[in-house]
2 protein chains.
Amino acid sequence: MKTKESDYHHGDLRGALLNAAREALEQNGASAVSLRELARRVGVSHAAPYRHFDNRETLLMALAADGFNELARRLRAEEGKDGTLMEMGQAYISFAIGNPSLYKLMFSPELDRKKPGLLADAAGAAFGLLRSQTATTDQEQSGTLAAWALVHGLSQLLIDRLLPEELMKPDQLGALVESVLGHLHMVSD
Amino acid sequence: MKTKESDYHHGDLRGALLNAAREALEQNGASAVSLRELARRVGVSHAAPYRHFDNRETLLMALAADGFNELARRLRAEEGKDGTLMEMGQAYISFAIGNPSLYKLMFSPELDRKKPGLLADAAGAAFGLLRSQTATTDQEQSGTLAAWALVHGLSQLLIDRLLPEELMKPDQLGALVESVLGHLHMVSD
DNA sequence: TTTCAATGTTGACGGTGCCTACTTTGAGGT
DNA sequence: ACCTCAAAGTAGGCACCGTCAACATTGAAA
């Protein structure tokens, strides 16, 4: 209980802002994440966020980095159990449709993924997991890429609800993923 | 030559705005497309665009619809020649990396693809081409979906420059696409 | 106890989307 | 040839945003 009398200092403003941001993100999309609104929601002045984030993009990058870390954690968990590529694909897509706006944000072109930082590291780590799953054969490298592209693309199509409605009923979703992933050579091998 | 003395009426403000928007889009991304800036660039007052577009989103949707139409045109052209799925995939990806910001916009969650209009129609038409390419077998429907997801996902990864640099050298790009698409059962059949 | 760096506040600036009220214009009907 | 009137453009204002600079408060270290 840090509820001191004077709450001039928040205690964990950075974390509070990130929490509020994640809520706002999934509720109304990334464009609805405004520093002023977050400050308001957390009960702090409109310029306070700038003590913890250089600018809006920095905050969004932190959010995206969290996303990559959580995705990596889920993939690692699946890897620990059986580790078939099929199951990792399921976990990947499950994460994507469970956090659609966050997933979109993680691949948003607004975020500069080039000059490194937390985002670049987290993304690299997550994708490293996919790569390690397959052999290092030059031939199979394109197989990894194909699996990644397929899973990523299917996630996007699902998130954007671009598929026929009957295919997207939640109970049939696992089967859908399975049948689609089944069209990769490497999975059946 | 419509250069009359009084240019109070622009003549084709709507088209001029769309052109300017497309330029700004590819130069600085969708977030940099501002109605006021477009008006400025075209030489018109800041409220003039509202005579042609209900709001900013409407303009972006028109832009995205154009994108779908152009994509459909290119796919249809490929269909006319040989029509192998491999070549349609190449055409698809070529369009995506040739117009990265536009392609991103076409799948942006900001745009409400639900309540129909030009966007929904154009998107449906473009995707119909992919579907017709494969048979109607229920089994093969998931094949179409796999091909679509694969091509879409690979486009995103390329646009976001998320692949190792050596894979993205423009001259090797065709081979990359070919080898990745080759991992689909249906292509080799 | 004093100090001082970290954290939070206030106020301002320019930019944006969008609204309302006003003005200009050109095309069609008489 | 004139009138009319709706379409198209303008001017100004509102609320919001991101960001900055100057100031205030605080807790912890010296």
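Nothing here was measured: the structure is a model prediction, and the numbers come from that model.
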S.K.: Can you tell me how far C1' of dT26(D) sits from CZ of R51(A), to the nearest Å?
M.R.: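 R51(A) atom CZ is separated from dT26(D) atom C1' by 13 Å.
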
S.K.: Checking E26(A) side chain against L102(A) main chain: does a donor-acceptor pair fall under 3.5 Å?
M.R.: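 Judged by distance alone, yes, a pair lies under 3.5 Å.
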
S.K.: For nucleotides 10-15 of chain C, give me every protein contact, N/O to N/O, under 3.5 Å, one pair per line with atom names.
M.R.:
from, atom 1, to, atom 2, distance (Å)
dG11(C), O6, H46(A), NE2, 2.8

S.K.: Rounded to the nearest Å, what distance is computed from the CD atom of residue E37(A) to the C1' atom of nucleotide dA15(D)?
M.R.: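 Interatomic distance, CD of E37(A) to C1' of dA15(D): 14 Å.
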
S.K.: Is the centre of the H152(A) ring less than 6.0 Å from the centre of the Y92(A) ring?
M.R.: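 Centroid distance H152(A)-Y92(A): not below 6.0 Å, so no.
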
S.K.: DNA chain D: N55(A) or G43(B), which has the more 5' nearest nucleotide?
M.R.: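 First, find each residue's nearest nucleotide; the 5'-ward one identifies G43(B).
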
S.K.: What is the distance from CG of L13(B) to P of dT24(C), rounded to the nearest Å?
M.R.: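 From L13(B) CG to dT24(C) P: 19 Å.
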
S.K.: Near E165(B) CD, under 6.0 Å, is it more than 12 heavy atoms from other residues, nucleotides or ligands?
M.R.: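 Not more than 12 within 6.0 Å, no.
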
S.K.: Quick one: Y50(A) OH to dC17(D) P, roughly how many Å, whole number?
M.R.: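 After rounding, the reported distance stands at 11 Å.
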
S.K.: Provide, to the nearest angstrom, the distance between the CZ atom belonging to F53(B) and the P atom belonging to dT16(C).
M.R.: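 About 18 Å, once rounded to whole Å.
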
S.K.: Would you indicate what R56(B) reaches in the nucleic acid, counting non-hydrogen atoms under 4.0 angstrom: base, sugar-phosphate, or nothing?
M.R.: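 If one applies the 4.0 Å heavy-atom cut-off, R56(B) turns out to touch the sugar-phosphate alone, with no base involved.
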
S.K.: Regarding R22(A) and E70(A), does a basic nitrogen lie under 4.0 Å from an acidic carboxylate oxygen?
M.R.: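 Salt bridge: yes.
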
S.K.: Grab the CG-C1' distance between L38(A) and dG18(D) for me, whole Å please.
M.R.: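 Rounded to whole Å, this separation is 12 Å.
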
S.K.: Between K104(A) and D160(A), does any NZ, NE, NH1 or NH2 come within less than 4.0 Å of an OD or OE carboxylate oxygen?
M.R.: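 Yes.
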
S.K.: Provide, to the nearest angstrom, the distance between the NE2 atom belonging to H52(B) and the P atom belonging to dA7(D).
M.R.: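 It works out to 12 Å between those atoms.
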
S.K.: Could you tell me the separation between the CD atom of E110(B) and the C1' atom of dT16(C), rounded to a whole number of Å?
M.R.: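 Those two atoms, CD and C1', are 15 Å apart.
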
S.K.: Going by the angle between their ring planes, with limits at 30° and 60°, are F95(B) and Y103(B) parallel, tilted or perpendicular?
M.R.: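 The rings of F95(B) and Y103(B) stand perpendicular, inter-plane angle above 60°.
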
